[in-house]
Amino acid sequence: MSGRAQVRHPARLTKRAEFLAVRRGTRRRGPFFLLEVLERGDDGPPRLGITVTRKVGNAVERNRIRRRLREAVRVHAADDMAPGTDYVIVGRREILNAPFAALKEELSRRMSGRNPVRTG
């Protein structure tokens with residue numbers, strides 16, 4: 001067994017009905033994405049769905065947005081996800097030009113429910 005910390009990966013939302021169910025929950029708006037959160041009421045693992053609409057750009061850009069979001073969740077925000085909760089991230093075009101560190105921090109802040117830091 002190695003000395004590395006065990007990273008817990010959230011389960012995935014795969015069906016359209018699951019994505020639509022999360023829309024009944026709360027919405028947390030950010031500069032890079034919209035986060036929809038629904039507490040299921042069980043102690044199961046958190047589940048994550050990522051979607052990017054066609055209005056954002058072509059397939060290459062949408063896939064790049066999804067990859068950046070998945071990686072930000074994997075390396076930083078997975079620990080902020082509550083058990084028994086479903087999350088849907090609706091990506092925006094601003095993710096393409098955002099520094100990765102800023103994206104990670106914003107995602108972590110929104111998932112944990114903390115208020116955003118306002119400067120200026």
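Position 1 is the first residue of the sequence; numbering continues from there.
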Going from [atom1] on [X] to [atom2] on [Y], what distance comes out if it is rounded to the nearest 0.5 angstrom?
X	Y	atom1	atom2	answer
L38	R47	CG	CZ	9.0 Å
T85	L48	OG1	CG	12.0 Å
N97	F32	CG	CZ	10.0 Å

Give a yes or no on whether [X] and [Y] share a hydrophobic cluster (residues Ile, Leu, Val, Met, Phe, Trp, Tyr; joining criterion: side-chain heavy atoms under 4.5 Å apart).
X	Y	answer
I89	L96	yes
V88	L103	no
L34	V37	no
V90	V73	no
L69	M81	yes

Compare all side-chain heavy atoms of E36 with those of R24 and state whether any distance is below 4.5 angstrom. no
Heavy-atom distance under 4.5 Å between the side chains of V75 and K104, does that happen here? yes
Starting from the C-alpha separation in whole Å, work towards a yes-or-no answer on side-chain contact (heavy atoms from CB on, under 4.5 Å) for R27 and L35. CA-CA 6 Å; R27 290 185 177 93; L35 179 65; over 6 Å; no
D80 and Y87 have their tightest heavy-atom pair at O-OH, 4.2 Å
Nearest heavy-atom pair of A72 and L107: which atoms, and what distance? CB-CD2, 3.7 Å
Considering residues at least two apart in sequence or located in another chain, which fulfil the side-chain contact (heavy atoms from CB on, under 4.5 Å) criterion with P45? none
Restricting to side-chain hydrogen bond (donor to acceptor under 3.5 Å, both in side chains), what partner residues turn up for [X], sequence neighbours left out?
X	answer
R67	none
E94	none
E39	none
D42	R40

Could you check whether atom CG of N58 has more than 12 heavy atoms from other residues, nucleotides or ligands sitting under 6.0 Å from it? yes
Residue pairs, two or more places apart or on separate chains, that pass salt bridge (Lys or Arg N to Asp or Glu O under 4.0 Å) and touch residues 50-64: E61-R93
Do side-chain atoms of [X] reach the backbone of [Y] as a donor and acceptor pair under 3.5 angstrom?
X	Y	answer
R28	R110	yes
S112	R109	yes
R68	A98	yes
R92	G30	yes

Could you give the side-chain donor-acceptor pairs of residues 10-21 under 3.5 Å, partners two or more places apart or in another chain?
{"from": "E18", "atom 1": "OE1", "to": "T14", "atom 2": "N", "distance (Å)": "2.8"}
{"from": "E18", "atom 1": "OE1", "to": "K15", "atom 2": "N", "distance (Å)": "3.1"}

